[in-house]
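Have a look at the structure below, then the notes.
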Amino acid sequence: MDFQLTDDQRALRRAARELLAKRFGPDRLRAAVGDPAPDRALWRELGAAGFFALRLPEEAGGVGLGLPEAVLVLEETGRALLPGPVVACQLLAGVVDGVASGEKIVGLCEGGREPVLWEHPAACDELILVGPDTECRGGAGGGAQGRTAGVRRSAAERVSCAPFASVDPLTPLARVTGLPRAEALALDASRLRREAALLTAAQQLGSAARTVELAVAHARRREQFGAPVGSFQAVKHLCARMLVRAEMARCAVYAASVTEGDLDVTGAKLLADEAAVRNARDCVQVHGGMGFTWEADVHLHLKRAWLRAECWGAAGEAEELLAAGLIT
């Protein structure tokens with residue numbers, strides 16, 4: 001089996017990176033800290049470019065690609081630290097009208113854990129909640145059975161929520177306290193959770209790779225004692241370990257996008273979370289004192305990595321699942 005990217009996949013990744021660099025560069029990123037709401041015009045442009053309809057069949061107005069291509073695109077959004085529920089919109093483009101084109105923004109919540117956190121609540125038009133033990137109302141026959149039992153849909157204004165402090169200034173959060181008059185959706189909840197975890201891992205991978213680039217660029221540029229700090233062995237080792245983490249995560253994430261196995265996705269998410277968090281911390285160290293300031297963007301990668309590491313499977317949960325898989 002050949003895991004090398006095809007020419008078309010490389011072109012897709014390059015096009016996504018160029019679009020995001022043009023429309024969401026460093027200046028726009030820093031401006032978003034004060035106003036993290038997704039730019040609706042940019043969202044529609046992403047929709048027109050096929051970001052959200054990537055996996056929809058062509059006859060339904062989509063691009064007709066697969067999960068590996070979605071991973072490549074989400075990796076680029078993680079690299080750019082694009083704010084907004086990109087994973088949710090990618091997964092629900094064929095479920096909620098208007099999401100594929102970028103006209104609507106939809107949120108996706110993990111209902112099987114407490115607290116139930118909702119990203120960008122003020123920007124979302126609808127909310128989809130995925131939980132293993134939820135009771136649904138509003139479906140045919142007054143309820144839902146089997147695969148539909150864990151997925152509910154509601155208009156955003158009907159959701160009861162409370163403010164919740166976010167470590168990431170680019171990702172405002174709310175705690176969901178009630179989801180009245182929710183409609184049951186005929187979706188495979190376990191698949192939705194698995195794919196959400198994988199696409200979140202892809203975002204973490206993009207951030208991990210970007211912090212490697214930022215650390216290496218600074219180490220080449222910054223001089224101390226008449227020499228670039230990158231010439232010092234301690235800094236070389238930091239950057240080398242960052243690269244190893246990012247590439248290990250890349251292998252796992254790309255492989256899981258092909259196999260789509262539960263344990264493969266769990267392992268990929270664990271490695272990507274570790275790479276994103278530890279690489280961002282090491283990148284701060286390479287930058288020295290300025291790495292802790294708002295002058296550099298490194299702290300934004302660290303805060304986003306902390307947040308994503310708790311979404312769709314935290315480290316402790318992943319380790320327990322992987323350990324159980326070894327003995328079954």
Side-chain angles (χ1 to χ4, degrees), residues 52 54-55 66-68 70-71 73-75 77-78 84-96 99 106-120 124 126-136 139 144-154 159 171 173 175-176 179 182-205 249 252-273 276 307-325 328:
F52 309 126
L54 199 67
R55 294 195 293 153
L67 195 57
V71 161
V73 170
L74 269 292
E75 181 184 344
T77 67
V86 186
V87 170
C89 289
Q90 213 290 318
L91 291 174
L92 299 167
V95 176
V96 180
V99 172
V106 65
L108 185 66
C109 284
E110 189 176 4
R113 57 189 302 180
E114 288 292 337
V116 178
L117 297 181
W118 180 10
E119 296 182 8
H120 295 273
C124 291
E126 295 194 24
L127 177 66
I128 309 298
L129 187 141
V130 184
D133 299 313
T134 57
E135 295 181 2
C136 300
Q145 301 293 327
R147 298 191 308 169
T148 65
V151 186
R152 293 187 289 168
R153 170 185 181 179
S154 177
V159 180
T171 309
L173 297 173
R175 179 171 60 87
V176 176
L179 194 68
E183 172 191 354
L185 291 177
L187 297 175
D188 186 336
S190 62
R191 178 177 180 178
L192 199 56
R193 283 193 297 270
R194 182 175 67 247
E195 293 185 353
L198 180 60
L199 295 181
T200 302
Q203 291 185 309
Q204 292 281 63
L205 170 59
V253 171
Y254 285 7
S257 74
V258 175
T259 66
E260 299 186 44
D262 287 338
L263 290 181
D264 293 338
V265 171
T266 299
K269 176 68 164 49
L270 182 63
L271 286 172
D273 287 341
L307 181 71
R308 291 283 178 257
E310 297 300 318
C311 297
W312 305 106
E317 301 168 26
E319 289 166 353
E320 290 293 334
L321 287 171
L322 291 170
T328 56

Rounded to the nearest 0.5 Å, how far does CH2 of Trp118 lie from CD1 of Ile128? 10.5 Å

List the atom of Ala189, the atom of Val151, and the distance in Å for their closest heavy-atom pair. CB-CG2, 3.8 Å

Report yes if the side chains of Val86 and Leu199 come closer than 4.5 Å at any heavy-atom pair, otherwise no. no

OG (Ser154) and CG (Leu129) are apart, to the nearest 0.5 Å, by 10.0 Å

Nearest non-hydrogen partners of Leu263 and Gly325, listed with the distance: CD1-CA, 3.9 Å

Heavy atoms, side chains only, cut-off 4.5 Å: are Glu119 and Leu173 in contact? yes

If we only count heavy atoms from C-beta on, is the Gln204 to Leu271 side-chain gap below 4.5 Å? no

Checking side-chain contact (heavy atoms from CB on, under 4.5 Å) for the pair Leu205/Val71: CA distance, chi angles, key distance, verdict? CA-CA 10 Å; Leu205 170 59; Val71 161; 5.6 Å; no

Mind checking the CG-CD spacing from Leu198 to Glu260? Nearest 0.5 Å is all I need. 8.0 Å

Are Pro85 and Val106 packed together at the side-chain level, in the sense that at least one heavy-atom pair is separated by less than 4.5 angstrom? no

side-chain contact (heavy atoms from CB on, under 4.5 Å) for Val87 and Glu195? Distances and angles first, verdict last. CA-CA 9 Å; Val87 170; Glu195 293 185 353; over 6 Å; no

Over all atoms of both residues, closest heavy-atom pair of His120 and Gly84: NE2-N, 3.1 Å

Out of Asp262, Asp188, Asp264, which residue meets the side-chain hydrogen bond (donor to acceptor under 3.5 Å, both in side chains) rule with Arg194? Asp262

Over all heavy atoms of both residues, which pair between Val116 and Cys109 is shortest? Give the atoms and the distance, please. CG1-CB, 3.9 Å

Could you report the tightest heavy-atom contact between Arg113 and Gly313, atom names first, then the distance? NH1-N, 4.1 Å

Evaluate the side-chain proximity of Trp312 to Leu108: yes if any heavy-atom separation is below 4.5 Å, no if none is. yes

What's the verdict on salt bridge (charged side-chain N to carboxylate O under 4.0 Å, His left out) for Glu317 and Lys269, showing C-alpha distance, side-chain angles and the deciding distance? CA-CA 11 Å; Glu317 301 168 26; Lys269 176 68 164 49; over 6 Å; no

Output for pair (Gln90 CD, Leu74 CG), nearest 0.5 Å, gives 6.0 Å

Rounding to 0.5 Å, atoms CG (Leu187) and CZ (Arg152) come to a distance of 14.0 Å

Arg153 vs Val96, test: side-chain contact (heavy atoms from CB on, under 4.5 Å). Steps then yes/no. CA-CA 9 Å; Arg153 170 185 181 179; Val96 180; 4.0 Å; yes

For Leu322 and Leu270 the tightest heavy-atom approach is CD1-CD2, 3.8 Å

